[in-house]
*Asks:* 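Below: one structure in C-alpha coordinates.
Note on naming: letters A, B, ... go to the chains in the order of the sequence lines (proteins, then strands), and numbering restarts at 1 for each one.
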There are 2 protein chains.
Amino acid sequence: MSGLAREDYLADIYRLQCENPHDPVSTGSVADRRGVTAASATAMFKRLARDHLILYRNYGGVSLTPEGEDLALGVVRRHRLVERFLADVLHIPWQQVDAYADQMEHALPDEVVDRMEALLENPYTCPHGYPIPDKHGHLSQPDLVLLRDLPVGEQVRVARVNERVPGLLRYVEDLGLMPGSLLEVSARNPVDLNVTIETGGRTHILGLRVSESIWVERTGSRG
Amino acid sequence: MSGLAREDYLADIYRLQCENPHDPVSTGSVADRRGVTAASATAMFKRLARDHLILYRNYGGVSLTPEGEDLALGVVRRHRLVERFLADVLHIPWQQVDAYADQMEHALPDEVVDRMEALLENPYTCPHGYPIPDKHGHLSQPDLVLLRDLPVGEQVRVARVNERVPGLLRYVEDLGLMPGSLLEVSARNPVDLNVTIETGGRTHILGLRVSESIWVERTGSRG
DNA sequence: AAAGAGTTTTAAGCGTGTCTAAAACGCTTG
DNA sequence: CAAGCGTTTTAGACACGCTTAAAACTCTTT
Ligand SMILES: [Mn+2]
Ligand SMILES: [Mn+2]
Ligand SMILES: [Mn+2]
Ligand SMILES: [Mn+2]
(Lines give C-alpha, C1' and ligand atoms only; values in the text may rest on other atoms or scores of the structure.)
(Ligands and ions follow the chains in the order given, each with its own letter.)
Protein backbone atom coordinates (compact mmCIF):
# COMPACT_ATOMS: atom_id res chain seq x y z
CA MET A 1 0.00 0.00 0.00
CA SER A 2 2.16 2.85 1.25
CA GLY A 3 5.44 1.48 -0.04
CA LEU A 4 8.45 1.44 2.19
CA ALA A 5 11.44 2.31 0.02
CA ARG A 6 9.38 4.74 -2.05
CA GLU A 7 9.20 7.14 0.87
CA ASP A 8 12.95 7.18 1.30
CA TYR A 9 13.46 7.76 -2.41
CA LEU A 10 10.97 10.62 -2.47
CA ALA A 11 12.48 12.27 0.60
CA ASP A 12 16.00 11.90 -0.77
CA ILE A 13 14.96 13.36 -4.12
CA TYR A 14 13.43 16.25 -2.21
CA ARG A 15 16.56 16.84 -0.15
CA LEU A 16 18.83 16.62 -3.19
CA GLN A 17 16.58 19.08 -4.98
CA CYS A 18 16.86 21.49 -2.02
CA GLU A 19 20.64 21.20 -1.91
CA ASN A 20 20.93 21.96 -5.61
CA PRO A 21 17.78 23.71 -6.77
CA HIS A 22 19.00 24.41 -10.32
CA ASP A 23 19.98 21.03 -11.78
CA PRO A 24 17.60 18.11 -12.06
CA VAL A 25 18.30 15.27 -9.64
CA SER A 26 20.45 12.62 -11.30
CA THR A 27 20.10 8.86 -11.05
CA GLY A 28 23.58 8.55 -9.63
CA SER A 29 23.08 11.09 -6.87
CA VAL A 30 19.96 9.33 -5.67
CA ALA A 31 21.65 5.93 -5.88
CA ASP A 32 24.62 7.22 -3.86
CA ARG A 33 22.40 8.79 -1.23
CA ARG A 34 20.29 5.69 -0.89
CA GLY A 35 23.22 3.29 -0.95
CA VAL A 36 21.88 1.28 -3.89
CA THR A 37 23.07 0.70 -7.44
CA ALA A 38 22.11 3.03 -10.25
CA ALA A 39 20.13 0.17 -11.76
CA SER A 40 17.99 -0.02 -8.64
CA ALA A 41 17.37 3.72 -8.72
CA THR A 42 16.32 3.52 -12.36
CA ALA A 43 13.87 0.74 -11.57
CA MET A 44 12.39 2.75 -8.72
CA PHE A 45 12.16 5.85 -10.92
CA LYS A 46 10.02 3.89 -13.35
CA ARG A 47 7.60 2.90 -10.61
CA LEU A 48 7.47 6.40 -9.10
CA ALA A 49 6.92 7.94 -12.53
CA ARG A 50 4.21 5.40 -13.33
CA ASP A 51 2.45 6.53 -10.14
CA HIS A 52 2.84 10.20 -11.05
CA LEU A 53 5.09 11.00 -8.10
CA ILE A 54 8.08 12.11 -10.15
CA LEU A 55 8.80 13.33 -13.66
CA TYR A 56 11.37 11.14 -15.33
CA ARG A 57 12.91 11.16 -18.78
CA ASN A 58 15.56 8.67 -19.76
CA TYR A 59 19.04 10.02 -19.12
CA GLY A 60 17.41 13.25 -17.96
CA GLY A 61 17.15 12.94 -14.18
CA VAL A 62 14.02 13.30 -12.07
CA SER A 63 11.94 15.94 -10.33
CA LEU A 64 9.01 15.67 -7.95
CA THR A 65 5.46 16.24 -9.10
CA PRO A 66 3.26 18.26 -6.71
CA GLU A 67 1.84 14.97 -5.48
CA GLY A 68 5.31 13.51 -5.00
CA GLU A 69 6.46 16.62 -3.20
CA ASP A 70 3.50 16.36 -0.83
CA LEU A 71 4.50 12.84 0.08
CA ALA A 72 8.16 13.81 0.39
CA LEU A 73 7.30 16.70 2.69
CA GLY A 74 5.27 14.32 4.85
CA VAL A 75 8.26 12.04 5.24
CA VAL A 76 10.59 14.95 5.97
CA ARG A 77 8.11 16.27 8.51
CA ARG A 78 7.94 12.95 10.29
CA HIS A 79 11.70 12.56 10.15
CA ARG A 80 12.50 15.93 11.67
CA LEU A 81 9.74 15.83 14.27
CA VAL A 82 10.89 12.41 15.43
CA GLU A 83 14.44 13.69 15.66
CA ARG A 84 13.18 16.48 17.91
CA PHE A 85 11.23 14.02 19.97
CA LEU A 86 14.14 11.62 20.36
CA ALA A 87 16.49 14.41 21.35
CA ASP A 88 14.19 16.47 23.59
CA VAL A 89 11.98 13.86 25.22
CA LEU A 90 14.10 10.72 25.25
CA HIS A 91 17.44 12.59 25.53
CA ILE A 92 19.13 10.63 22.79
CA PRO A 93 22.37 12.26 21.53
CA TRP A 94 21.83 14.32 18.39
CA GLN A 95 24.46 12.30 16.54
CA GLN A 96 22.16 9.31 16.58
CA VAL A 97 18.71 10.71 16.04
CA ASP A 98 19.04 10.97 12.25
CA ALA A 99 19.65 7.24 11.83
CA TYR A 100 16.88 6.35 14.28
CA ALA A 101 14.42 8.74 12.65
CA ASP A 102 15.23 7.27 9.27
CA GLN A 103 13.94 3.97 10.60
CA MET A 104 10.91 5.31 12.42
CA GLU A 105 9.69 7.89 9.92
CA HIS A 106 7.76 5.34 7.85
CA ALA A 107 5.79 3.82 10.69
CA LEU A 108 4.22 6.82 12.39
CA PRO A 109 0.46 7.34 12.09
CA ASP A 110 -0.58 10.94 11.48
CA GLU A 111 -2.24 11.20 14.86
CA VAL A 112 0.96 10.17 16.60
CA VAL A 113 2.96 12.74 14.64
CA ASP A 114 0.47 15.49 15.41
CA ARG A 115 0.44 14.67 19.12
CA MET A 116 4.22 14.60 19.21
CA GLU A 117 4.24 18.00 17.57
CA ALA A 118 1.88 19.36 20.21
CA LEU A 119 3.89 17.79 23.04
CA LEU A 120 7.01 19.46 21.66
CA GLU A 121 5.15 22.76 21.36
CA ASN A 122 5.39 23.06 17.58
CA PRO A 123 9.13 23.21 17.04
CA TYR A 124 10.39 25.07 13.97
CA THR A 125 13.42 22.90 13.32
CA CYS A 126 14.98 19.50 13.94
CA PRO A 127 17.88 19.32 16.41
CA HIS A 128 20.29 20.04 13.56
CA GLY A 129 18.45 23.17 12.52
CA TYR A 130 16.54 21.96 9.45
CA PRO A 131 12.99 23.29 9.18
CA ILE A 132 10.03 21.06 10.04
CA PRO A 133 7.20 21.23 7.48
CA ASP A 134 3.81 21.83 9.09
CA LYS A 135 0.80 19.58 8.66
CA HIS A 136 0.09 21.14 5.25
CA GLY A 137 3.63 20.90 3.95
CA HIS A 138 4.51 24.54 4.55
CA LEU A 139 7.92 25.33 5.97
CA SER A 140 9.69 28.46 7.07
CA GLN A 141 12.73 29.32 4.97
CA PRO A 142 14.83 31.67 7.11
CA ASP A 143 17.70 33.69 5.64
CA LEU A 144 20.79 31.69 6.46
CA VAL A 145 24.40 32.20 5.42
CA LEU A 146 27.08 29.56 5.14
CA LEU A 147 29.78 30.12 7.74
CA ARG A 148 32.17 29.80 4.78
CA ASP A 149 30.75 32.98 3.28
CA LEU A 150 30.36 35.06 6.42
CA PRO A 151 32.31 38.33 6.53
CA VAL A 152 34.74 39.02 9.38
CA GLY A 153 33.54 40.85 12.45
CA GLU A 154 29.86 40.08 12.57
CA GLN A 155 28.28 38.26 15.49
CA VAL A 156 25.91 35.52 14.36
CA ARG A 157 23.98 32.57 15.72
CA VAL A 158 24.53 28.99 14.60
CA ALA A 159 21.34 27.93 12.83
CA ARG A 160 22.02 24.64 11.10
CA VAL A 161 24.66 21.93 11.03
CA ASN A 162 24.82 19.41 8.19
CA GLU A 163 23.85 16.16 9.85
CA ARG A 164 25.26 14.00 7.07
CA VAL A 165 28.91 14.96 7.30
CA PRO A 166 30.62 12.07 9.11
CA GLY A 167 31.87 13.05 12.54
CA LEU A 168 30.81 16.65 12.21
CA LEU A 169 28.09 16.63 14.85
CA ARG A 170 30.41 15.25 17.48
CA TYR A 171 33.11 17.75 16.53
CA VAL A 172 30.70 20.67 16.51
CA GLU A 173 29.36 19.68 19.90
CA ASP A 174 32.86 19.57 21.40
CA LEU A 175 33.45 23.08 20.08
CA GLY A 176 30.20 24.36 21.56
CA LEU A 177 28.69 25.19 18.20
CA MET A 178 25.23 23.67 18.50
CA PRO A 179 22.33 25.53 16.90
CA GLY A 180 21.69 28.59 19.04
CA SER A 181 25.36 29.21 19.92
CA LEU A 182 26.76 32.67 19.21
CA LEU A 183 30.00 33.14 17.31
CA GLU A 184 31.99 35.69 15.37
CA VAL A 185 34.49 35.23 12.54
CA SER A 186 37.66 37.04 13.57
CA ALA A 187 39.78 36.13 10.56
CA ARG A 188 39.77 34.23 7.32
CA ASN A 189 42.69 32.79 5.44
CA PRO A 190 42.25 33.37 1.72
CA VAL A 191 44.73 30.64 0.79
CA ASP A 192 43.52 27.53 2.63
CA LEU A 193 40.07 29.06 3.29
CA ASN A 194 40.25 28.39 7.02
CA VAL A 195 38.11 30.65 9.20
CA THR A 196 39.01 31.69 12.72
CA ILE A 197 36.03 32.07 15.02
CA GLU A 198 35.40 33.23 18.56
CA THR A 199 32.72 31.46 20.54
CA GLY A 200 32.05 31.01 24.23
CA GLY A 201 35.28 32.87 25.03
CA ARG A 202 37.40 30.48 22.97
CA THR A 203 39.05 30.66 19.57
CA HIS A 204 38.90 27.91 16.97
CA ILE A 205 40.21 27.55 13.45
CA LEU A 206 37.81 25.75 11.17
CA GLY A 207 38.64 24.12 7.83
CA LEU A 208 36.52 24.41 4.73
CA ARG A 209 34.91 21.03 5.37
CA VAL A 210 33.44 22.47 8.55
CA SER A 211 32.72 26.04 7.49
CA GLU A 212 30.75 24.89 4.47
CA SER A 213 28.64 22.59 6.65
CA ILE A 214 27.42 25.20 9.14
CA TRP A 215 24.77 27.82 8.46
CA VAL A 216 24.43 30.90 10.60
CA GLU A 217 21.79 33.51 11.16
CA ARG A 218 22.62 37.19 11.27
CA THR A 219 21.76 38.87 14.58
CA GLY A 220 22.47 42.46 13.52
CA SER A 221 25.10 43.01 16.20
CA ARG A 222 28.75 43.85 15.67
CA GLY A 223 31.32 41.78 17.54
CA MET B 1 17.48 -7.79 6.84
CA SER B 2 15.07 -7.81 9.76
CA GLY B 3 11.97 -8.79 7.81
CA LEU B 4 8.75 -6.92 8.29
CA ALA B 5 6.01 -9.51 8.09
CA ARG B 6 8.17 -12.12 9.84
CA GLU B 7 7.95 -10.18 13.08
CA ASP B 8 4.18 -10.05 12.96
CA TYR B 9 3.97 -13.77 12.24
CA LEU B 10 6.31 -14.60 15.11
CA ALA B 11 4.44 -12.38 17.55
CA ASP B 12 1.08 -13.79 16.47
CA ILE B 13 2.34 -17.35 16.83
CA TYR B 14 3.54 -16.42 20.29
CA ARG B 15 0.19 -14.90 21.26
CA LEU B 16 -1.77 -17.84 19.88
CA GLN B 17 0.50 -20.20 21.78
CA CYS B 18 -0.20 -18.24 24.99
CA GLU B 19 -3.94 -18.32 24.44
CA ASN B 20 -3.92 -22.07 23.91
CA PRO B 21 -0.80 -23.54 25.46
CA HIS B 22 -1.75 -27.19 24.83
CA ASP B 23 -2.33 -27.47 21.09
CA PRO B 24 0.22 -26.61 18.46
CA VAL B 25 -0.53 -23.43 16.53
CA SER B 26 -2.39 -24.23 13.31
CA THR B 27 -1.88 -22.72 9.90
CA GLY B 28 -5.45 -21.52 9.78
CA SER B 29 -5.34 -19.76 13.12
CA VAL B 30 -2.27 -17.81 12.13
CA ALA B 31 -3.73 -16.99 8.71
CA ASP B 32 -6.94 -15.73 10.35
CA ARG B 33 -5.09 -13.63 12.87
CA ARG B 34 -2.83 -12.12 10.24
CA GLY B 35 -5.64 -11.57 7.76
CA VAL B 36 -3.92 -13.56 4.99
CA THR B 37 -4.76 -16.77 3.17
CA ALA B 38 -3.65 -20.13 4.53
CA ALA B 39 -1.40 -20.45 1.49
CA SER B 40 0.46 -17.30 2.54
CA ALA B 41 0.90 -18.60 6.06
CA THR B 42 2.27 -21.89 4.75
CA ALA B 43 4.79 -20.03 2.61
CA MET B 44 5.90 -17.93 5.56
CA PHE B 45 6.18 -21.03 7.76
CA LYS B 46 8.65 -22.49 5.28
CA ARG B 47 10.82 -19.39 5.45
CA LEU B 48 10.65 -19.16 9.24
CA ALA B 49 11.46 -22.86 9.61
CA ARG B 50 14.35 -22.54 7.17
CA ASP B 51 15.74 -19.81 9.44
CA HIS B 52 15.24 -21.94 12.58
CA LEU B 53 12.69 -19.60 14.11
CA ILE B 54 9.85 -22.12 14.23
CA LEU B 55 9.40 -25.88 14.13
CA TYR B 56 7.12 -26.88 11.31
CA ARG B 57 5.93 -30.21 10.07
CA ASN B 58 3.49 -30.46 7.17
CA TYR B 59 -0.09 -30.58 8.40
CA GLY B 60 1.27 -30.49 11.95
CA GLY B 61 1.18 -26.83 12.94
CA VAL B 62 4.07 -24.75 14.23
CA SER B 63 5.83 -23.87 17.45
CA LEU B 64 8.51 -21.32 18.22
CA THR B 65 12.12 -22.32 18.67
CA PRO B 66 13.97 -20.61 21.54
CA GLU B 67 15.45 -18.22 18.98
CA GLY B 68 12.03 -17.54 17.47
CA GLU B 69 10.53 -16.97 20.90
CA ASP B 70 13.26 -14.45 21.67
CA LEU B 71 12.38 -12.49 18.58
CA ALA B 72 8.66 -12.79 19.29
CA LEU B 73 9.13 -11.53 22.83
CA GLY B 74 11.07 -8.58 21.50
CA VAL B 75 8.20 -7.65 19.21
CA VAL B 76 5.64 -8.09 21.99
CA ARG B 77 7.80 -5.99 24.29
CA ARG B 78 8.01 -3.18 21.76
CA HIS B 79 4.30 -3.45 21.02
CA ARG B 80 3.15 -3.18 24.61
CA LEU B 81 5.67 -0.53 25.61
CA VAL B 82 4.65 1.62 22.67
CA GLU B 83 1.01 1.18 23.64
CA ARG B 84 1.88 2.46 27.10
CA PHE B 85 3.79 5.34 25.63
CA LEU B 86 1.01 6.31 23.25
CA ALA B 87 -1.59 6.16 26.00
CA ASP B 88 0.36 7.74 28.86
CA VAL B 89 2.59 10.28 27.13
CA LEU B 90 0.66 11.21 23.99
CA HIS B 91 -2.78 10.65 25.56
CA ILE B 92 -4.10 8.61 22.67
CA PRO B 93 -7.31 6.67 23.53
CA TRP B 94 -6.62 3.07 24.48
CA GLN B 95 -8.94 1.84 21.75
CA GLN B 96 -6.47 3.02 19.14
CA VAL B 97 -3.09 2.27 20.59
CA ASP B 98 -3.07 -1.40 19.56
CA ALA B 99 -3.41 -0.59 15.86
CA TYR B 100 -0.83 2.19 16.06
CA ALA B 101 1.61 0.03 18.01
CA ASP B 102 1.20 -2.73 15.44
CA GLN B 103 2.56 -0.30 12.87
CA MET B 104 5.33 1.17 15.01
CA GLU B 105 6.60 -1.96 16.73
CA HIS B 106 8.85 -2.94 13.81
CA ALA B 107 10.65 0.35 13.46
CA LEU B 108 11.88 1.06 16.99
CA PRO B 109 15.61 0.83 17.72
CA ASP B 110 16.48 -0.88 21.00
CA GLU B 111 17.82 2.32 22.48
CA VAL B 112 14.54 4.09 21.79
CA VAL B 113 12.57 1.28 23.40
CA ASP B 114 14.80 1.25 26.46
CA ARG B 115 14.55 5.01 26.92
CA MET B 116 10.79 4.88 26.54
CA GLU B 117 10.71 2.21 29.20
CA ALA B 118 12.74 4.39 31.55
CA LEU B 119 10.58 7.44 30.82
CA LEU B 120 7.50 5.37 31.67
CA GLU B 121 9.16 4.12 34.86
CA ASN B 122 9.25 0.46 33.88
CA PRO B 123 5.56 -0.34 33.52
CA TYR B 124 4.48 -3.93 34.13
CA THR B 125 1.66 -4.02 31.63
CA CYS B 126 0.28 -2.41 28.50
CA PRO B 127 -2.83 -0.21 28.88
CA HIS B 128 -5.01 -3.30 28.40
CA GLY B 129 -3.28 -5.22 31.17
CA TYR B 130 -1.01 -7.56 29.19
CA PRO B 131 2.46 -8.01 30.69
CA ILE B 132 5.46 -6.27 29.11
CA PRO B 133 8.50 -8.55 28.69
CA ASP B 134 11.67 -6.99 30.06
CA LYS B 135 14.86 -6.45 28.06
CA HIS B 136 15.78 -10.11 28.48
CA GLY B 137 12.39 -11.48 27.52
CA HIS B 138 11.25 -12.22 31.07
CA LEU B 139 7.70 -11.40 31.98
CA SER B 140 5.63 -11.52 35.12
CA GLN B 141 2.76 -13.99 34.97
CA PRO B 142 0.32 -12.91 37.67
CA ASP B 143 -2.54 -15.15 38.82
CA LEU B 144 -5.56 -13.93 36.94
CA VAL B 145 -9.08 -15.32 36.74
CA LEU B 146 -11.55 -14.88 33.93
CA LEU B 147 -14.52 -12.82 35.07
CA ARG B 148 -16.58 -15.63 33.54
CA ASP B 149 -15.23 -18.04 36.17
CA LEU B 150 -15.28 -15.76 39.20
CA PRO B 151 -17.44 -16.88 42.14
CA VAL B 152 -20.17 -14.60 43.50
CA GLY B 153 -19.38 -12.23 46.34
CA GLU B 154 -15.68 -11.61 45.99
CA GLN B 155 -14.28 -8.16 45.39
CA VAL B 156 -11.64 -8.12 42.66
CA ARG B 157 -9.66 -5.73 40.52
CA VAL B 158 -9.87 -5.61 36.73
CA ALA B 159 -6.47 -6.70 35.46
CA ARG B 160 -6.77 -7.27 31.74
CA VAL B 161 -9.20 -6.60 28.92
CA ASN B 162 -8.95 -8.44 25.61
CA GLU B 163 -7.94 -5.71 23.19
CA ARG B 164 -8.96 -7.69 20.11
CA VAL B 165 -12.66 -8.04 20.76
CA PRO B 166 -14.35 -5.49 18.49
CA GLY B 167 -15.96 -2.66 20.42
CA LEU B 168 -15.11 -4.12 23.79
CA LEU B 169 -12.65 -1.45 24.90
CA ARG B 170 -15.12 1.32 24.26
CA TYR B 171 -17.86 -0.60 26.04
CA VAL B 172 -15.68 -1.43 29.01
CA GLU B 173 -14.58 2.19 29.30
CA ASP B 174 -18.19 3.38 29.38
CA LEU B 175 -18.88 0.93 32.18
CA GLY B 176 -15.86 2.11 34.17
CA LEU B 177 -14.11 -1.24 33.97
CA MET B 178 -10.61 -0.21 32.97
CA PRO B 179 -7.69 -2.15 34.46
CA GLY B 180 -7.46 -1.13 38.11
CA SER B 181 -11.20 -0.74 38.62
CA LEU B 182 -12.76 -2.69 41.49
CA LEU B 183 -15.83 -4.85 41.01
CA GLU B 184 -17.80 -7.66 42.58
CA VAL B 185 -19.97 -10.33 41.02
CA SER B 186 -23.33 -10.20 42.74
CA ALA B 187 -25.10 -12.87 40.70
CA ARG B 188 -24.66 -15.27 37.85
CA ASN B 189 -27.31 -16.74 35.63
CA PRO B 190 -26.56 -20.41 34.99
CA VAL B 191 -28.73 -20.51 31.87
CA ASP B 192 -27.51 -17.67 29.68
CA LEU B 193 -24.25 -17.34 31.65
CA ASN B 194 -24.75 -13.60 32.23
CA VAL B 195 -22.98 -12.17 35.25
CA THR B 196 -24.26 -9.28 37.32
CA ILE B 197 -21.54 -7.03 38.71
CA GLU B 198 -21.33 -4.06 41.03
CA THR B 199 -18.73 -1.42 40.26
CA GLY B 200 -18.41 2.25 41.13
CA GLY B 201 -21.79 2.12 42.85
CA ARG B 202 -23.56 0.86 39.73
CA THR B 203 -24.89 -2.50 38.62
CA HIS B 204 -24.30 -4.01 35.19
CA ILE B 205 -25.25 -7.27 33.55
CA LEU B 206 -22.52 -8.64 31.33
CA GLY B 207 -22.94 -11.28 28.62
CA LEU B 208 -20.56 -14.16 28.09
CA ARG B 209 -18.80 -12.31 25.28
CA VAL B 210 -17.74 -9.70 27.81
CA SER B 211 -17.16 -11.85 30.87
CA GLU B 212 -14.85 -14.17 28.98
CA SER B 213 -12.80 -11.22 27.74
CA ILE B 214 -11.99 -9.67 31.11
CA TRP B 215 -9.47 -11.02 33.59
CA VAL B 216 -9.51 -10.02 37.22
CA GLU B 217 -7.11 -10.18 40.11
CA ARG B 218 -8.16 -11.36 43.55
CA THR B 219 -7.75 -8.77 46.28
CA GLY B 220 -8.56 -11.03 49.21
CA SER B 221 -11.49 -8.89 50.40
CA ARG B 222 -15.11 -9.92 50.66
CA GLY B 223 -17.64 -7.59 49.04
C1' DA C 1 -13.84 -49.03 5.26
C1' DA C 2 -15.33 -45.53 2.16
C1' DA C 3 -17.18 -40.93 1.65
C1' DG C 4 -17.32 -36.26 2.62
C1' DA C 5 -15.94 -32.00 4.84
C1' DG C 6 -12.63 -29.05 6.27
C1' DT C 7 -7.80 -27.90 6.46
C1' DT C 8 -3.39 -27.53 4.47
C1' DT C 9 -0.13 -27.62 0.91
C1' DT C 10 1.29 -27.06 -3.81
C1' DA C 11 1.44 -24.64 -8.17
C1' DA C 12 1.45 -20.60 -10.78
C1' DG C 13 1.54 -15.80 -10.96
C1' DC C 14 2.26 -10.82 -9.62
C1' DG C 15 4.41 -6.44 -7.55
C1' DT C 16 8.28 -4.65 -4.80
C1' DG C 17 13.00 -3.94 -4.29
C1' DT C 18 17.46 -5.39 -4.74
C1' DC C 19 21.65 -7.21 -7.39
C1' DT C 20 25.25 -8.08 -11.45
C1' DA C 21 26.60 -7.82 -16.11
C1' DA C 22 26.02 -5.99 -20.50
C1' DA C 23 24.37 -2.55 -23.65
C1' DA C 24 23.21 2.21 -24.73
C1' DC C 25 23.91 6.91 -24.18
C1' DG C 26 26.12 11.56 -23.84
C1' DC C 27 29.66 14.45 -22.97
C1' DT C 28 34.49 15.76 -23.27
C1' DT C 29 38.69 15.51 -25.48
C1' DG C 30 42.21 14.59 -29.15
C1' DC D 1 34.27 14.06 -35.73
C1' DA D 2 35.48 10.02 -33.80
C1' DA D 3 37.27 7.86 -29.59
C1' DG D 4 36.83 7.09 -25.04
C1' DC D 5 34.95 7.47 -20.46
C1' DG D 6 31.60 7.95 -17.09
C1' DT D 7 26.67 7.60 -16.47
C1' DT D 8 22.43 5.46 -17.22
C1' DT D 9 19.47 2.01 -18.79
C1' DT D 10 18.36 -2.71 -19.96
C1' DA D 11 18.34 -7.64 -19.24
C1' DG D 12 18.16 -11.37 -16.32
C1' DA D 13 17.97 -13.03 -11.81
C1' DC D 14 16.59 -13.53 -6.98
C1' DA D 15 14.09 -13.19 -2.20
C1' DC D 16 9.95 -11.63 0.04
C1' DG D 17 5.12 -11.61 0.61
C1' DC D 18 0.85 -11.81 -1.17
C1' DT D 19 -3.02 -13.87 -4.26
C1' DT D 20 -6.22 -17.74 -6.52
C1' DA D 21 -7.09 -22.38 -7.93
C1' DA D 22 -6.21 -27.07 -7.60
C1' DA D 23 -4.37 -31.03 -5.31
C1' DA D 24 -3.32 -33.51 -1.08
C1' DC D 25 -4.13 -34.64 3.38
C1' DT D 26 -6.71 -35.54 7.93
C1' DC D 27 -10.40 -36.36 10.57
C1' DT D 28 -15.10 -37.49 11.29
C1' DT D 29 -19.11 -39.79 10.08
C1' DT D 30 -21.77 -43.31 8.16
MN1 LIG E 1 13.73 6.21 6.07
MN1 LIG F 1 17.89 16.56 11.49
MN1 LIG G 1 3.03 -5.28 13.55
MN1 LIG H 1 -2.22 -3.93 24.66
*Asks:* Centroid separation under 6.0 Å, is that true for the rings of Phe85(A) and Phe85(B)?
*Replies:* yes
*Asks:* What is the nucleic acid contact for Arg50(B), judged by heavy atoms within less than 4.0 Å: base, sugar-phosphate only, or nothing?
*Replies:* sugar-phosphate
*Asks:* Rounding to an integer number of Å, can you tell me how far Met44(B) CE sits from dT8(C) C1'?
*Replies:* 17 Å
*Asks:* Can you build the contact string for nucleotides 20-27 of chain C? Use B for base contact, S for sugar-phosphate-only contact, and - for no protein heavy atom under 4.0 Å.
*Replies:* B---BS--
*Asks:* Quick one: is dT9(C) close enough that its OP1 or OP2 comes under 4.0 Å of any side-chain N or O from Lys46(B)?
*Replies:*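 Looking at the OP1 and OP2 atoms of dT9(C), neither is under 4.0 Å from any side-chain N or O of Lys46(B).
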*Asks:* Just how far, in rounded Å, is P of dG6(D) from CG of Asp32(A)?
*Replies:*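 Answer to the nearest Å: 15 Å.
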*Asks:* Rounded to the nearest Å, what distance is computed from the CZ atom of residue Phe45(B) to the P atom of nucleotide dT9(C)?
*Replies:*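 These atoms are roughly 8 Å apart.
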*Asks:* Let me know which of Thr65(B), Val62(B), Leu53(B) forms a side chain to side chain contact (heavy atoms under 4.5 Å, CB included) with Leu48(B).
*Replies:* Leu53(B)
*Asks:* Using a heavy-atom cut-off of 4.0 Å across all strands, would you classify Ala38(B) as base, sugar-phosphate, or nothing?
*Replies:*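 Base contact.
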*Asks:* How close or far is atom C1' of dC16(D) from atom CG of Leu4(A), stated in whole angstroms?
*Replies:* 12 Å
*Asks:* Does the plane of the ring in His128(B) sit parallel, tilted or perpendicular to the ring in Trp94(B)? Use 30° and 60° as the thresholds.
*Replies:*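 Aromatic pair His128(B)/Trp94(B) classed parallel.
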*Asks:* Between atom CD of Glu67(A) and atom CD1 of Ile54(A), what is the distance when rounded to the nearest 0.5 Å?
*Replies:*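 Taking CD in Glu67(A) and CD1 in Ile54(A), the distance rounds to 12.0 Å.
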*Asks:* Could you tell me how far apart Leu10(B) (CG) and dC16(D) (C1') are, to the nearest whole angstrom?
*Replies:* 15 Å
*Asks:* Could you check which of dT9(C), dT18(C), dT8(D) has an atom nearest any side-chain atom of Val36(A)?
*Replies:* dT18(C)
*Asks:* Answer yes when Arg164(A) and Glu19(A) have at least one side-chain N-carboxylate O distance shorter than 4.0 Å, and no when they do not.
*Replies:*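 Result for this pair is no, no salt bridge flagged.
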*Asks:* What is the distance, rounded to the nearest whole Å, between atom CZ of Arg34(B) and atom C1' of dC16(D)?
*Replies:* 14 Å
*Asks:* Want to settle it: does Asp51(B) or Gly35(B) sit nearer the 5' end of DNA chain D, counting the closest nucleotide to each?
*Replies:* Asp51(B)
*Asks:* Are any of the side-chain nitrogens in Asp114(B) or Arg77(B) under 4.0 Å away from the carboxylate oxygens of its partner?
*Replies:* yes
*Asks:* How many Å lie between CD on Glu7(A) and P on dT16(C), as a whole number?
*Replies:*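 Value for this atom pair: 15 Å.
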*Asks:* Does dG15(C) have its OP1 or OP2 closer than 4.0 Å to a side-chain nitrogen or oxygen of Arg47(A)?
*Replies:*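 For dG15(C), OP1/OP2 do not have a side-chain N/O of Arg47(A) under 4.0 Å.
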*Asks:* How many whole angstroms separate atom CG of Asp23(B) from atom P of dT7(C)?
*Replies:* 15 Å
*Asks:* As a test of reading the structure: which of dC18(D), dT18(C), dT9(C) is closest to the side chain of Tyr9(A), going by heavy atoms?
*Replies:* dT18(C)
*Asks:* Give the nucleotide from the list dT9(C), dG17(D), dT18(C) with an atom nearest to the side chain of Arg6(B).
*Replies:*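 So the side chain of Arg6(B) is nearest to dG17(D).
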*Asks:* Just by distance, with hydrogens left out, do Gln17(B) and Glu69(B) show a side-chain donor and acceptor under 3.5 Å apart?
*Replies:* no
*Asks:* Is Thr27(B) close enough to dT9(C) that one of its side-chain N or O atoms is under 4.0 Å from OP1 or OP2 there?
*Replies:* yes
